Amino acid sequence: MTDTNRLAAGAAAPDFDLTTDTGERLHLKDLRGKHVILYVYPAALTPGCTTQACDFRDSLDALHVAGYQVVGLSKDSPEKLAKFRDKEHLTFPLASNEDLDVLKAYGAYGERKLYGKVVTGPIRSTFVIDPEGKIEHAMYNVKATGHVAKLRRDLGI
(Lines give C-alpha, C1' and ligand atoms only; values in the text may rest on other atoms or scores of the structure.)
Protein backbone atom coordinates (compact mmCIF):
# COMPACT_ATOMS: atom_id res chain seq x y z
CA MET A 1 0.00 0.00 0.00
CA THR A 2 1.26 3.47 -0.79
CA ASP A 3 1.71 6.14 1.81
CA THR A 4 -0.42 9.26 1.72
CA ASN A 5 0.65 12.60 3.14
CA ARG A 6 -0.50 12.37 6.71
CA LEU A 7 -1.17 15.31 9.00
CA ALA A 8 0.23 15.46 12.52
CA ALA A 9 -0.54 17.45 15.64
CA GLY A 10 0.51 21.08 15.24
CA ALA A 11 0.07 21.20 11.46
CA ALA A 12 -2.24 23.77 9.94
CA ALA A 13 -5.58 22.18 9.05
CA PRO A 14 -6.11 22.49 5.29
CA ASP A 15 -8.87 24.98 4.61
CA PHE A 16 -11.94 23.90 2.68
CA ASP A 17 -15.01 25.30 0.96
CA LEU A 18 -17.48 22.45 0.46
CA THR A 19 -21.16 21.93 -0.27
CA THR A 20 -23.11 20.25 2.52
CA ASP A 21 -26.13 17.98 2.71
CA THR A 22 -28.34 21.09 2.87
CA GLY A 23 -26.80 22.63 -0.26
CA GLU A 24 -25.07 25.34 1.78
CA ARG A 25 -21.35 26.07 1.65
CA LEU A 26 -19.16 25.18 4.63
CA HIS A 27 -15.78 26.87 5.08
CA LEU A 28 -13.29 25.80 7.74
CA LYS A 29 -12.37 29.45 8.26
CA ASP A 30 -15.97 30.11 9.36
CA LEU A 31 -15.46 27.65 12.21
CA ARG A 32 -12.41 29.47 13.60
CA GLY A 33 -12.74 30.10 17.32
CA LYS A 34 -14.32 26.65 17.83
CA HIS A 35 -12.98 23.17 18.29
CA VAL A 36 -13.93 21.08 15.27
CA ILE A 37 -14.10 17.31 14.90
CA LEU A 38 -13.83 16.56 11.19
CA TYR A 39 -14.41 12.91 10.52
CA VAL A 40 -13.95 11.19 7.17
CA TYR A 41 -16.02 8.16 6.24
CA PRO A 42 -15.94 6.07 3.06
CA ALA A 43 -19.60 6.02 1.97
CA ALA A 44 -22.95 7.22 3.28
CA LEU A 45 -25.74 4.70 3.81
CA THR A 46 -23.35 1.77 4.44
CA PRO A 47 -23.38 -0.22 7.69
CA GLY A 48 -20.08 0.95 9.20
CA CYS A 49 -20.54 4.58 8.20
CA THR A 50 -24.08 4.55 9.56
CA THR A 51 -22.85 3.15 12.89
CA GLN A 52 -20.20 5.85 13.14
CA ALA A 53 -22.54 8.69 12.12
CA CYS A 54 -25.18 7.57 14.62
CA ASP A 55 -22.53 7.38 17.36
CA PHE A 56 -21.59 11.00 16.62
CA ARG A 57 -25.29 11.96 16.52
CA ASP A 58 -25.91 10.28 19.88
CA SER A 59 -22.85 12.00 21.43
CA LEU A 60 -23.51 15.40 19.90
CA ASP A 61 -24.96 17.05 23.01
CA ALA A 62 -21.95 16.07 25.13
CA LEU A 63 -19.55 17.16 22.39
CA HIS A 64 -21.31 20.53 22.02
CA VAL A 65 -21.29 21.12 25.78
CA ALA A 66 -17.52 20.49 25.71
CA GLY A 67 -17.20 23.05 22.87
CA TYR A 68 -16.80 20.75 19.85
CA GLN A 69 -18.52 21.08 16.47
CA VAL A 70 -18.81 17.89 14.37
CA VAL A 71 -18.54 17.76 10.59
CA GLY A 72 -18.72 14.58 8.53
CA LEU A 73 -16.79 14.44 5.25
CA SER A 74 -17.08 12.01 2.34
CA LYS A 75 -16.85 11.85 -1.44
CA ASP A 76 -20.61 11.36 -1.69
CA SER A 77 -22.79 13.89 -3.51
CA PRO A 78 -24.78 16.43 -1.47
CA GLU A 79 -27.97 14.64 -2.61
CA LYS A 80 -26.79 11.29 -1.21
CA LEU A 81 -25.70 13.04 1.99
CA ALA A 82 -29.19 14.56 2.34
CA LYS A 83 -30.71 11.07 2.09
CA PHE A 84 -28.25 9.83 4.72
CA ARG A 85 -29.08 12.78 7.02
CA ASP A 86 -32.82 12.24 6.69
CA LYS A 87 -32.72 8.45 7.06
CA GLU A 88 -30.51 8.54 10.17
CA HIS A 89 -31.78 11.84 11.65
CA LEU A 90 -28.30 13.36 11.63
CA THR A 91 -28.08 16.87 13.04
CA PHE A 92 -24.56 17.93 12.10
CA PRO A 93 -23.21 19.01 8.70
CA LEU A 94 -22.19 16.39 6.17
CA ALA A 95 -19.75 17.86 3.63
CA SER A 96 -19.26 16.58 0.09
CA ASN A 97 -15.84 16.36 -1.57
CA GLU A 98 -16.56 14.69 -4.89
CA ASP A 99 -13.34 15.98 -6.47
CA LEU A 100 -11.30 14.50 -3.56
CA ASP A 101 -8.98 17.49 -3.10
CA VAL A 102 -9.82 18.04 0.58
CA LEU A 103 -9.68 14.32 1.35
CA LYS A 104 -6.22 14.19 -0.25
CA ALA A 105 -5.07 17.36 1.58
CA TYR A 106 -5.94 15.68 4.88
CA GLY A 107 -4.19 12.46 3.86
CA ALA A 108 -7.55 10.70 4.05
CA TYR A 109 -7.67 9.33 0.53
CA GLY A 110 -5.50 6.54 -0.81
CA GLU A 111 -4.97 2.84 -0.59
CA ARG A 112 -6.58 0.93 2.26
CA LYS A 113 -7.66 -2.60 2.97
CA LEU A 114 -11.28 -3.58 2.52
CA TYR A 115 -12.17 -7.16 3.41
CA GLY A 116 -8.55 -8.17 2.85
CA LYS A 117 -8.21 -6.50 -0.55
CA VAL A 118 -6.33 -3.29 -1.30
CA VAL A 119 -8.65 -0.61 -2.66
CA THR A 120 -8.27 3.11 -3.30
CA GLY A 121 -10.74 5.43 -1.63
CA PRO A 122 -11.47 7.51 1.45
CA ILE A 123 -9.64 6.39 4.58
CA ARG A 124 -11.78 6.44 7.73
CA SER A 125 -10.07 9.20 9.73
CA THR A 126 -10.78 11.78 12.40
CA PHE A 127 -9.20 15.18 12.89
CA VAL A 128 -9.59 17.40 15.92
CA ILE A 129 -8.92 21.01 14.92
CA ASP A 130 -8.28 23.70 17.53
CA PRO A 131 -9.88 27.17 17.48
CA GLU A 132 -6.85 28.62 15.65
CA GLY A 133 -7.08 26.07 12.84
CA LYS A 134 -4.28 23.72 13.93
CA ILE A 135 -4.53 19.95 14.08
CA GLU A 136 -4.73 18.73 17.68
CA HIS A 137 -5.24 15.06 16.80
CA ALA A 138 -5.02 13.22 13.48
CA MET A 139 -6.25 9.62 13.61
CA TYR A 140 -6.15 7.39 10.54
CA ASN A 141 -7.70 3.98 9.83
CA VAL A 142 -10.04 4.29 12.80
CA LYS A 143 -12.73 1.69 13.43
CA ALA A 144 -16.35 2.59 12.79
CA THR A 145 -17.58 0.84 15.92
CA GLY A 146 -16.42 2.30 19.22
CA HIS A 147 -14.42 5.15 17.72
CA VAL A 148 -16.61 7.95 19.08
CA ALA A 149 -16.46 6.50 22.60
CA LYS A 150 -12.65 6.27 22.35
CA LEU A 151 -12.46 9.82 20.99
CA ARG A 152 -14.58 11.09 23.87
CA ARG A 153 -12.30 9.32 26.35
CA ASP A 154 -9.21 10.78 24.67
CA LEU A 155 -10.75 14.29 24.80
CA GLY A 156 -11.91 13.86 28.41
CA ILE A 157 -15.60 14.15 27.51
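This one's a predicted model, so the numbers in the text were calculated from it and none came from an experiment. Quick note: numbers below take in every heavy atom, side chains included, and nothing from hydrogens, waters or symmetry partners.
- Take N141 and apply the side chain to side chain contact (heavy atoms under 4.5 Å, CB included) test, not counting sequence neighbours, and it matches R6, I123.
- The salt bridge (Lys or Arg N to Asp or Glu O under 4.0 Å) contacts involving residues 41-59 comprise nothing, where partners must be two or more places apart or lie in separate chains.
- Applying the salt bridge (Lys or Arg N to Asp or Glu O under 4.0 Å) test to residues at least two apart or on different chains, none of the pairs has a partner in residues 116-136.
- Of the candidates T22, T20, T91, T22 is the only one forming a side-chain contact (heavy atoms from CB on, under 4.5 Å) with R85.
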Pair up each side-chain donor or acceptor in residues 63-71 with any protein partner under 3.5 Å, not counting sequence neighbours, and list the distances.
none

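- In this structure a side-chain-to-backbone donor-acceptor pair under 3.5 Å is present from N97 to L103.
- With sequence neighbours excluded, no residue forms a side-chain hydrogen bond (donor to acceptor under 3.5 Å, both in side chains) with T145.
- A salt bridge does not link K29 to D15: none of the charged side-chain nitrogens sits closer than 4.0 Å to a carboxylate oxygen.
- By the salt bridge (charged side-chain N to carboxylate O under 4.0 Å, His left out) test, K80 is found to be paired with D76, residues two or more places apart in sequence or in another chain being considered.
- Residue P14 comes nearest to L7 through the heavy atom pair CD-CD1, 3.7 Å, listed as atom of the first residue, atom of the second, then distance.
- Under the 30°/60° scheme for interplanar angles, the aromatic rings of F127 and Y140 are found to stand perpendicular.
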Extract all donor-acceptor atom pairs below 3.5 Å that involve side chains of residues 146-157 and protein atoms in other chains or at least two apart in sequence.
| unit_1 | atom_1 | unit_2 | atom_2 | d |
| --- | --- | --- | --- | --- |
| H147 | NE2 | T126 | OG1 | 2.7 |
| K150 | NZ | D154 | OD2 | 2.7 |
| R152 | NH1 | S59 | OG | 3.2 |

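- Under a 3.5 Å cut-off, the side chain of Y41 and the backbone N or O of S74 do not form any donor-acceptor pair.
- The side-chain hydrogen bond (donor to acceptor under 3.5 Å, both in side chains) search around T50 returns none, not counting sequence neighbours.
- The same ILVMFWY cluster, assembled from side-chain heavy atoms under 4.5 Å apart, contains both F16 and I135.
- Residues satisfying the salt bridge (charged side-chain N to carboxylate O under 4.0 Å, His left out) test with R32, not counting sequence neighbours, are none.
- Sparse packing is recorded around CG of D61, with 12 or fewer heavy atoms of other residues, nucleotides or ligands lying under 6.0 Å away.
- Here D101 pairs with nothing under the salt bridge (charged side-chain N to carboxylate O under 4.0 Å, His left out) rule; sequence neighbours left out.
- A donor-acceptor pair under 3.5 Å is absent between the side-chain atoms of N5 and the main chain of G107, judged by distance alone.
- For K104, the side chain to side chain contact (heavy atoms under 4.5 Å, CB included) partners at least two apart in sequence or on another chain are L100, Y109.
- Take F56 and apply the ring pair (Phe, Tyr, Trp, His ring centres under 6.0 Å) test, not counting sequence neighbours, and it matches Y39.
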